[in-house]
Amino acid sequence: MSMQSEDWSERIQKFLDGELSAGDTRALLEAAERDAGLRTQLAAMKLLHMHLNGNVLEAPPAGFTQRVMAGLEHLPRSVRHSPRNGLLLLMGVLVACTVLMLLFGSDLLPGGAIQLDTSQLPLASLRAPFVVNLKWVINGLILVNLALGLILLDRTVLKPFFGQGRG
Amino acid sequence: MISQQQETEWIDRVLAGDARAYAELVDGFKSFAFTIALKVVGNRADAEEVAQDGFIKAYQGLRHFNRQSRFSTWLYRIVFNAAVSFKRKHKRIFFDIEKVHVADGYSVQGHLQEQDQARFIQRALDQLNEADRLAVQLYYIKEFSMEEVAALLGQNENTVKVRIHRARHRLGEELKRILKQEAVTL
């Protein structure tokens, strides 16, 4: 064979796909007559071509669509994080934060700790003083609200918006 | 052939909450999805499971489908990835009952030859990697366009053409080697 096996392979593929000119086809077949190696190559690729040409679309078993639809019914219902719901919740969180901050800044709350006299409580067994610092509680609530607000913002507005690039 | 307009209409209906539209979508693409799964996993029962799984995943992700590509291309890729990971998870020798021929006592040589040929071609195909094998097999199915095969593999058309050309060449060489080997064994 004067040509490389890959060059012949290209010609054979074109021949099998019906893209080889009449002159080149004649040349290929004549060369195959003379060369046993090329003849085997041509036979192998022709066999392959004939076998793969029988490839068809395969139909799935009957009832396939119904089984897919049944599978969808068993999916857990996902929570809808619509931007509208998210923004409403976010507003709620901000209002709560504002109220808490106003409370924090007002004179309604005593600056120091409140000491509860547990002897006045019905639980007579409790003797240790029970100290509650309301400012710390309010601070905690504000922090929780802010964290909640950030999560909401991320799930309902940022992720859906920036996630549109995927898919 | 399902048009892009039809695809879009079905998707809009599904997103609006019409579950029947998804059934129509599944009906329209089930053979394509099943064929891809079958070519990768190699047997019908597992291919059905993989294709169903692909459709369920596509449904779950439909809200995030950005419509820059066709739904069919997106779906085929989901099914292909599901099939590849299924095969990795269930690494075992697949034995397709449909490929087994039970001798009836009247087998003619031609029939046997045909069986042998199919077996040799399968052996040659097994030498290719997953993507090359699927590309070659889909290339021969006229319902799959070159554009779809390329999108499925995540490459451009020219790269896939070269890939298919090389894979066919390798297959030819492999088959030639197998045939020679068989001739020596006989």
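Lettering follows sequence order; numbering is per chain, from 1.
For L125(B), the part sitting under 4.5 Å from any heavy atom of chain A is the side chain, from C-beta outward, and nothing else. Of the atoms belonging to F32(B), heavy atoms from both backbone and side chain fall under 4.5 Å from chain A. Contact annotation for K142(B): neither backbone nor side-chain heavy atoms come within less than 4.5 Å of a heavy atom of chain A. Neither the backbone nor the side chain of A33(B) comes within contact range of chain A; no heavy atom of the residue lies under 4.5 Å from a heavy atom of that chain. Using a 4.5 Å cut-off between heavy atoms, E143(B) touches chain A through its side chain atoms alone. Looking at Y22(B), both its backbone and its side chain come within 4.5 Å of chain A, counting heavy atoms on both sides.
The shortest side-chain heavy-atom distance between K30(B) and V68(A) does not fall under the 4.5 Å cut-off. Counting heavy atoms from C-beta outward, E10(A) and H169(B) have side chains that stay 4.5 Å or more apart. Side-chain contact check for E48(B) versus R67(A): some heavy-atom pair is nearer than 4.5 Å. A 4.5 Å side-chain heavy-atom check between T35(B) and N55(A) finds every atom pair outside the cut-off.
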- Verdict with reasoning, Q13(A) to H165(B), per side-chain hydrogen bond (donor to acceptor under 3.5 Å, both in side chains): CA-CA 8 Å; Q13(A) 285 187 40; H165(B) 171 80; 3.1 Å; yes
- Task: Dump the intermediate steps for side-chain contact (heavy atoms from CB on, under 4.5 Å) on T40(A) and L179(B), then the final yes or no.
- Result: CA-CA 9 Å; T40(A) 317; L179(B) 291 175; 5.5 Å; no
